[in-house]
2 protein chains.
Amino acid sequence: MPVDKVPDIVVGRLPLYLRTLNYLLEEGYEMVSSHELGRRLGISPAQIRKDLSHFGEFGKQGAGYDVKYLSTQLKHILHVDGVWPVALVGCGALGHALANYNGFVTKGFEIVLIFDNDPAKIGQVVAGKVIHDVADMPRLICEYGIRIAIVAVPSSAAQATVDVLVRCQVRAILNYAPINISVPPGVQVQNIDPSVHLQRMTYYL
Amino acid sequence: MPVDKVPDIVVGRLPLYLRTLNYLLEEGYEMVSSHELGRRLGISPAQIRKDLSHFGEFGKQGAGYDVKYLSTQLKHILHVDGVWPVALVGCGALGHALANYNGFVTKGFEIVLIFDNDPAKIGQVVAGKVIHDVADMPRLICEYGIRIAIVAVPSSAAQATVDVLVRCQVRAILNYAPINISVPPGVQVQNIDPSVHLQRMTYYL
DNA sequence: GCCTTCTTGTGAAAGCCATCACATATTCTA
DNA sequence: TAGAATATGTGATGGCTTTCACAAGAAGGC
């Protein structure tokens, strides 16, 4: 039954399934069971089957899932069967690392625009891309039809940056600034703050 | 009632509360209501009150929470009222950015050891710290009494790196490698993979 | 001092999510 | 070919999480 309303928490696990399937593919697996997939992910087999059942019937009884086929299907479901052009805002140390990260393309993303507000950086080339002035964001993001942006600016500039992005029709934002940003309904946000992740673990130490 | 078994999902929100409280402090707030805190975080006031009630009664009826006091209490609960020494393994572009990130100390962490396996990098100084040979990890991590590590090595090296860390008594690992690592019970892991975060959003585009 | 307004902490209810368990189908072995 | 083993998809169950709603306490105005 393909199209009920799928819980966010289920959608959040699909990229993990996809990532593991691609590793299995590299290792030469042709079929994989929910049991094996779950073992690798630390997730119960039942949960994996239930999650996938939201989108259709991908497995074969007695055999499991065709790795290549399920990978393809998940890419389609997640809308990463093509390559999304992505804008990167903020080209400090972290921005540099992200610009040079070569893991994006195979996952369905490519950084095609880089912005910074530092006059000393504007015009420089990073990872084969020119750093543009943030003042040109509205024009360029519109021209390129960008819908996804990565924010790697200081906390103090994050909300203003996001506001501009949202006005430019960006609908998905990966936020590296350690601050809560607010966006209108319909705009997706994911936050990455290493301190938050670390503090979540120290509770148990 | 301070000491029931607190759900993981509640623990995971505490760092977000703490982060926002510290911003409120900078803005000069002395008191804050669960309503205002929730508004900033996109979380319901009831949930914040319920979460905090797992650990005690921190608020005052009619007034709200003393920002400074609640911040202090949350730091204590999360065990970040001191500064944890942290080891960073892998000093590529991402490792460099993390080593130079100045946001850790105020959150309760300090990178005191950096490792890499590249002979060309070993001995170099990054952010005031010498890069050590990964071969010296067991000795140095033991000497420094490290319990927390950040893994920023290639996927192919991640599991082996983690295995060594676990043997060295590291009990919390922030993993930037885009792969699922397995650890024994009692070892905390948090994963950061930008592609996974992005794919989680593209579903909705 | 009194009344209004505000806010917390919490039991109860509602809603969401993970697990269980099994009918069904396929594969493997001999 | 038959029987054992394997594995999916799913209704039912149980547990966990969030929200609701309110008693009780505190602050502010006059």
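Residue numbers begin at 1 in each chain, while the letters A, B, ... track the order of the sequences. Note that the coordinates shown come from a computational prediction; the quantities given were computed from them, not determined experimentally.
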### Message
Could you go through B:Leu24 and B:Leu37, starting from their C-alpha distance and side-chain angles, then the distance that decides it, and tell me whether this counts as side chain to side chain contact (heavy atoms under 4.5 Å, CB included)?
### Response
CA-CA 9 Å; B:Leu24 288 167; B:Leu37 198 49; 3.9 Å; yes
### Task
Could you walk me through whether A:Tyr17 and A:Asp51 pass the side-chain hydrogen bond (donor to acceptor under 3.5 Å, both in side chains) test, one step at a time?
CA-CA 10 Å; A:Tyr17 299 166; A:Asp51 284 354; 2.6 Å; yes
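- Checked by atom type and distance alone, the side chain of A:His197 never pairs as donor or acceptor with a backbone atom of B:Leu174 at under 3.5 Å.
- Going from atom CD of A:Glu36 over to atom P of D:dA7 covers 10 Å, rounded to whole Å.
- Taking atom CD of residue A:Gln73 and atom P of nucleotide D:dT8, one finds them 16 Å apart after rounding to whole Å.
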List, with names and distances, any nitrogen or oxygen atoms from the protein found under 3.5 Å away from nitrogen or oxygen atoms belonging to nucleotides 16-20 of chain C.
from	atom 1	to	atom 2	distance (Å)
C:dA18	OP1	A:Arg13	NH1	2.9
C:dA18	OP1	A:Gln47	NE2	3.3
C:dA18	OP2	A:Arg13	NH2	3.0
C:dA18	OP2	A:Gln47	NE2	3.4
C:dA18	O5'	A:Gln47	NE2	2.9
C:dT19	OP2	A:Ser44	OG	2.8

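- In this structure, the OH atom of B:Tyr65 is 18 Å from the P atom of C:dC6, given to the nearest Å.
- Between B:Glu57 atom CD and D:dA26 atom C1' there is a gap of 14 Å when expressed in whole angstrom units.
- B:Thr202 places a side-chain N or O within 3.5 Å of a backbone atom of A:Leu78 that can act as its donor or acceptor partner.
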### Task
List the protein contact pattern of nucleotides 25-30 of chain C with one symbol per nucleotide (5' to 3'): B for base contact, S for sugar-phosphate-only contact, - for none; contact means a heavy-atom distance under 4.0 Å.
BBS---
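- Atom CZ of A:Phe58 is separated from atom P of D:dT10 by 11 Å (rounded to the nearest Å).
- For NZ of A:Lys121, the number of neighbouring non-hydrogen atoms (other residues, nucleotides, ligands) closer than 6.0 Å is greater than 12.
- A side-chain donor-acceptor contact under 3.5 Å links A:Gln159 to the backbone of A:Ser182.
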Hey, can you pull the donor-acceptor pairs under 3.5 Å for the side chains in residues 132-145 of chain B, sequence neighbours left out?
from	atom 1	to	atom 2	distance (Å)
B:Asp133	OD1	B:Ala135	N	2.8
B:Arg139	NH1	B:Glu143	OE2	3.4

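- Distance CG (B:Leu52) to C1' (C:dT10): 13 Å, rounded to an integer number of Å.
- Remark: side-chain polar atoms of A:Ser71 are not paired, donor with acceptor, to backbone N or O of A:Val67 under 3.5 angstrom.
- Take A:Asp193 and apply the salt bridge (Lys or Arg N to Asp or Glu O under 4.0 Å) test, not counting sequence neighbours, and it matches B:Arg19.
- In this pair, A:Phe58 and A:Tyr69 present their aromatic rings tilted. The plane angle is within the 30 to 60° band.
- As a whole-Å value, the separation of B:Leu70 CG from C:dT8 C1' is 13 Å.
- As a whole-Å value, the separation of B:Leu37 CG from C:dT7 P is 13 Å.
- Without hydrogens or angle criteria, A:His54 side chain to A:Val10 main chain gives no donor-acceptor distance under 3.5 Å.
- Of the residues in residues 18-34 of chain B, those placing a heavy atom less than 4.0 Å from an atom of DNA chain C are B:Ser33, B:Ser34, in numerical order.
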### Message
Between B:Arg40 and B:Thr20, is the side-chain hydrogen bond (donor to acceptor under 3.5 Å, both in side chains) condition met? List the steps.
### Response
CA-CA 8 Å; B:Arg40 296 211 176 202; B:Thr20 300; over 6 Å; no
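- Checked by atom type and distance alone, the side chain of A:Glu110 never pairs as donor or acceptor with a backbone atom of A:Val83 at under 3.5 Å.
- Taking the C1' atoms of five terminal pairs at each end of the helix from C:dG1-D:dC30 to C:dA30-D:dT1, the two resulting helix axes are inclined by 30°, rounded to 10°.
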